[in-house]
Amino acid sequence: MSLIRYLPSPYLPLPSAAARRRGFLHSAAPPGARAAAVHVLAANRVVLGCGLVTLDYLATVDAYPRPDDKIRSGELQISGGGNAGNALTGAARLGLNTRLISKVANDEIGGTVILELKEAGIDVSHVIISDGGNTTFVYVIIDKKTKTRTCIITSGYPPMVPGDISMSNLSAALQDVNLLYLDGYSHEMALSVGKQADLMKIPILVDAEPERTKTELEHLLGLSSYIVCSGKFPEKWTSISCIPSALLEILVQYPRARFVIATLGENGCMMLERIEDAVDIGNVAESLRLKVHKDDSLPTCVSSKFMRLSGRGHGTIHGRLLIGTAEKIPAPELVDTTGCGDAFIGAVLYGLCTEMAPEKMLPFACQVAGIKCRAIGARTGLPWRSDARLSKYLR
């Protein structure tokens, strides 16, 4: 049974490791044939994204300005952005069949955004174009000294709402979709699309950003099959400072979610995967950290065994914890972290659609994000499937 077409009931365990080994990616075919078969599989998998697209104005500065300072920018670039646009661009470059539900205005910015999405190979036939208003745009200030970026967003108007798309058009957008990605932008529209996808038994990946409110995310997380969030989100959502315990609490709260991944920047990522012996999850996390090879410059992953995990009063689940490391990027090569989380999610979308094992998917996603960091903007550095740095993950 294909993982990506299967939406489990809330209490059904994940397939066993043996079942996974019987899956598509673990056949006895030669590496070359297996890689070609995965490429065909990816091209036939459809991912629908619903969320934000923008035009980003990116400027590098030697140091972030103090109040009332006047400074000169270095490099200036204008390119497409927005969580959904970035993640789908990354997924399309890796070989997935992608389509988008979003909204732009019929202004010059909107035209530029649509053109760039089309050039990326994304189906934009379901993007709503408003008559009047403005398309969302973002000023991004990239601090070369601290390797950080600051975003100033001017929201689009009018906002995207469920009434913008008819039920017949929504059904058409969801036709033959294998995985739905929601970035939480325009939560009413996201919820409307998510509910229809749920009725059609389409798995849902939700990008849980810490900027979203409880109201905006509560129902989306209730529909989610997979959750990806930044390292700030678990504590904000659960009030638990220990990330492993907070991830456990999230899976306890949302029993339909198969896994939750927290991205941790230069520290990689952490994933808690559900499977149906209680062991304290904090102790498991610490033992895994000790297993991580500190000298590895490329992303790696260590995993616990499947066991019943507890969080000191926060409930229990049967599952395993995985820790992925990030690529150690030399300082001169680290250019811009804008869109790193979206790059990571694009790679996770690819991993799910091609039934990639989590132990391979996490380093793969970290590698894609690391490659993106070497260029200005959210999309410029996104790797294509043919990138030699990805070859070991795709064979």
Side-chain angles (χ1 to χ4, degrees), residues 3 7-8 10-17 20 203-210 217 220-265 267-292 299-326 341 344-345 347-349 351-352 356-366:
L3 171 64
L7 184 63
Y11 307 105
L12 198 62
L14 284 170
S16 66
R20 286 187 185 139
I204 301 170
L205 186 148
V206 173
D207 177 6
E209 285 204 333
L217 277 177
L220 289 182
L221 294 179
L223 293 171
S224 63
S225 312
Y226 315 102
I227 301 170
V228 181
C229 61
S230 72
K232 296 178 181 178
F233 178 80
E235 180 176 2
K236 179 183 177 183
W237 193 259
T238 65
S239 299
I240 299 171
S241 59
C242 172
I243 290 180
S245 295
L247 297 181
L248 174 62
E249 176 64 16
I250 289 171
L251 284 192
V252 169
Q253 287 180 15
Y254 302 104
R256 296 178 63 172
R258 298 283 291 271
F259 66 62
V260 55
I261 300 173
T263 58
L264 305 173
N267 294 316
C269 60
M270 185 176 291
M271 172 178 173
L272 182 58
E273 181 185 15
R274 188 194 305 275
I275 191 78
E276 284 294 313
D277 359 46
V279 178
D280 182 80
I281 195 167
N283 294 336
V284 175
E286 186 57 34
S287 68
L288 290 180
R289 290 189 184 101
L290 294 175
K291 291 182 182 179
V292 171
T300 59
C301 180
V302 293
S303 168
S304 74
K305 296 178 180 178
F306 287 108
M307 61 186 75
R308 186 157 292 282
L309 299 166
S310 66
R312 298 177 184 174
H314 302 297
T316 63
I317 69 162
H318 203 92
R320 62 174 176 163
L321 188 68
L322 301 94
I323 292 179
T325 63
F344 184 95
I345 288 176
V348 170
L349 295 173
L352 288 171
M356 193 178 283
E359 296 90 337
K360 180 183 280 191
M361 181 177 72
L362 295 185
F364 172 65
C366 286

Do you know which two heavy atoms are closest between R256 and G222, and how far apart they sit? CD-O, 3.5 Å
Quick one: does Y226's side chain get under 4.5 Å of I345's, heavy atoms only? no
Donor-acceptor contact present, side-chain S225 to main-chain I204, <3.5 Å: yes
Does some side-chain heavy atom of L221 sit less than 4.5 Å from a side-chain heavy atom of I250? no
Between CE on residue M361 and CD1 on residue I261, distance to nearest 0.5 Å: 4.5 Å
Between C301 and L322 the two heavy atoms that sit nearest each other are SG-CD2, 3.9 Å
Looking at T300, is its backbone amide N or carbonyl O close enough to the side chain of T325 to form a donor-acceptor pair, meaning the two atoms are under 3.5 Å apart? yes
Rounded to the nearest 0.5 angstrom, the CD-CG distance for E273 and L321 is 10.5 Å
With side-chain contact (heavy atoms from CB on, under 4.5 Å) as the test, pick out the partner of V260 among L247, V228, L248. L247
Residues in ring pair (Phe, Tyr, Trp, His ring centres under 6.0 Å) contact with F233, at least two apart in sequence or another chain: W237
Would you check if Q253 and T238 make a side-chain contact, meaning some heavy-atom pair closer than 4.5 Å? yes
Contacts of S303 that satisfy side chain to side chain donor-acceptor pair (under 3.5 Å) - sequence neighbours left out: R320
Would you say that more than 12 heavy atoms from the other residues, nucleotides or ligands in this model lie under 6.0 Å from the NZ of K236, or not? yes
Give the minimum heavy-atom separation between P363 and P358, together with the two atoms involved. CD-O, 4.3 Å
Please round to the nearest 0.5 Å and tell me the distance separating atom OH of Y254 and atom CZ of R274. 12.0 Å
Determine the minimum heavy-atom distance between L264 and G231, stating which atoms define it. CD2-CA, 3.8 Å
Nearest 0.5 Å please: distance from the CG atom of D207 over to the OG atom of S230. 8.5 Å
Which pair of heavy atoms, one from C229 and one from A208, lies closest together, and at what distance? CB-O, 3.3 Å
Nearest-0.5 Å distance, CD1 of residue I243 to SG of residue C269: 11.0 Å
With sequence neighbours left out, write down each residue that passes side-chain contact (heavy atoms from CB on, under 4.5 Å) with K360, or none if nothing qualifies. M356, Y393
